Amino acid sequence: MRHGCSSVTGDRLRLWLWGVALFAGQLNCSSICAEDDLEFFERKVRPVLVKHCYECHSADSRKLGGGLLLDSRDGVRQGGDSGPAIEAGKPEASLLIKAVRYQDDASNMPPQGRLSDQAIADLEEWVRR
């Protein structure tokens with residue numbers, strides 16, 4: 001290693017490259033933010049939905065629970081019998097978040113037991129984004 005040089009790897013390298021592309025006019029902030037949000041969803045949110053929700057809330061469900069599809073963007077936006085599952089940017093107002101927090105006895109989800117605090121926090125962050 002040469003003196004005065006630092007090693008730039010992983011996330012730092014990606015951020016540096018995005019900064020260069022942004023400065024050069026090849027990217028805009030919305031594409032960077034969207035990329036980060038998609039990565040967060042795929043890494044943190046989709047696995048929770050697949051493991052705990054899709055059995056009852058996907059196009060492949062034998063019986064669709066509450067008319068709610070969580071395996072597509074349109075399904076989440078449209079919501080089910082009770083209305084939209086999420087309100088973008090507003091976890092406190094989102095039915096999905098209320099259900100996984102077990103705030104309303106009638107709609108506690110998943111019914112087999114409460115999600116971990118980390119899984120709930122990840123869902124809240126997803127809605128916030």
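Not measured: the values here are computed from a predicted model.
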Trainee: Is there side-chain contact between Asp122 and Val48, with at least one heavy-atom pair below 4.5 Å?
Mentor: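 A side-chain contact is absent here, since even the closest heavy-atom pair is not under 4.5 Å.
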Trainee: Hey, quick one: are Leu49 and Val100 part of the same hydrophobic cluster, counting side-chain heavy atoms closer than 4.5 Å, chains of contacts allowed?
Mentor: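 Yes; Val100 is reachable from Leu49 via cluster members.
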Trainee: Do the side chains of Leu38 and Val127 join up, straight or via other hydrophobic residues, at under 4.5 Å, putting them in one cluster?
Mentor: no
Trainee: Rounded to the nearest 0.5 Å, what separates atom NZ in Lys44 from atom CG in Leu123?
Mentor: 11.5 Å
Trainee: Filter on side chain to side chain donor-acceptor pair (under 3.5 Å), then keep only pairs touching residues 88-101, sequence neighbours left out; what's left?
Mentor: Glu92-Arg101, Arg101-Glu124
Trainee: Please tabulate, for the side chains in residues 62-74, all donor-acceptor contacts under 3.5 angstrom to protein atoms that are two or more places apart in sequence or on a different chain.
Mentor:
from: Asp71; atom 1: OD2; to: Ala59; atom 2: N; distance (Å): 2.8
from: Ser72; atom 1: OG; to: Gly75; atom 2: N; distance (Å): 2.9

Trainee: Restricting to non-hydrogen atoms, name the atom on Pro111 and the atom on Met109 that form the minimum distance, rounded to 0.1 Å.
Mentor: CD-SD, 3.7 Å
Trainee: Does anything in residues 49-59 form a salt bridge (Lys or Arg N to Asp or Glu O under 4.0 Å)? List the pairs, not counting sequence neighbours.
Mentor: none
Trainee: What about Tyr54 and Val76, same hydrophobic cluster or not, with Ile/Leu/Val/Met/Phe/Trp/Tyr joined at side-chain heavy-atom distances under 4.5 Å?
Mentor: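 Shared cluster, yes.
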Trainee: Report yes or no: do Ile86 and Ile97 belong to one cluster of Ile/Leu/Val/Met/Phe/Trp/Tyr joined by side chain heavy-atom distances under 4.5 Å?
Mentor: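 Yes, one cluster joins them.
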Trainee: Give, for atom CH2 of Trp126 and atom CZ of Phe41, the distance between the pair rounded to the nearest 0.5 Å.
Mentor: 5.5 Å
Trainee: Between Gln103 and Asn108, what is the shortest heavy-atom contact and its length?
Mentor: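 For Gln103 versus Asn108, the nearest heavy atoms are N-OD1, 4.1 Å.
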Trainee: Locate the shortest heavy-atom distance separating Cys56 from Ser61; write the atom from each residue and the value.
Mentor: C-OG, 3.1 Å
Trainee: Shared ILVMFWY cluster between Tyr102 and Leu96, side chains joined below 4.5 angstrom?
Mentor: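 Tyr102 does not cluster with Leu96.
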Trainee: Using the test side chain to side chain donor-acceptor pair (under 3.5 Å), find all partners of Gln78 that sit at least two apart in sequence or belong to another chain.
Mentor: none
Trainee: What I'd like to find out is whether the side chain of Leu115 reaches to under 4.5 Å of the side chain of Gln118, using heavy atoms alone.
Mentor: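 No, too far: nothing below the 4.5 Å cut-off.
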Trainee: Going by side chain to side chain donor-acceptor pair (under 3.5 Å), name the residues that satisfy it together with Arg128, two or more places apart in sequence or in a different chain.
Mentor: Glu125
Trainee: Which residues pass the side chain to side chain donor-acceptor pair (under 3.5 Å) test with Gln112, sequence neighbours left out?
Mentor: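 Side chain to side chain donor-acceptor pair (under 3.5 Å) list for Gln112, sorted by chain: empty.
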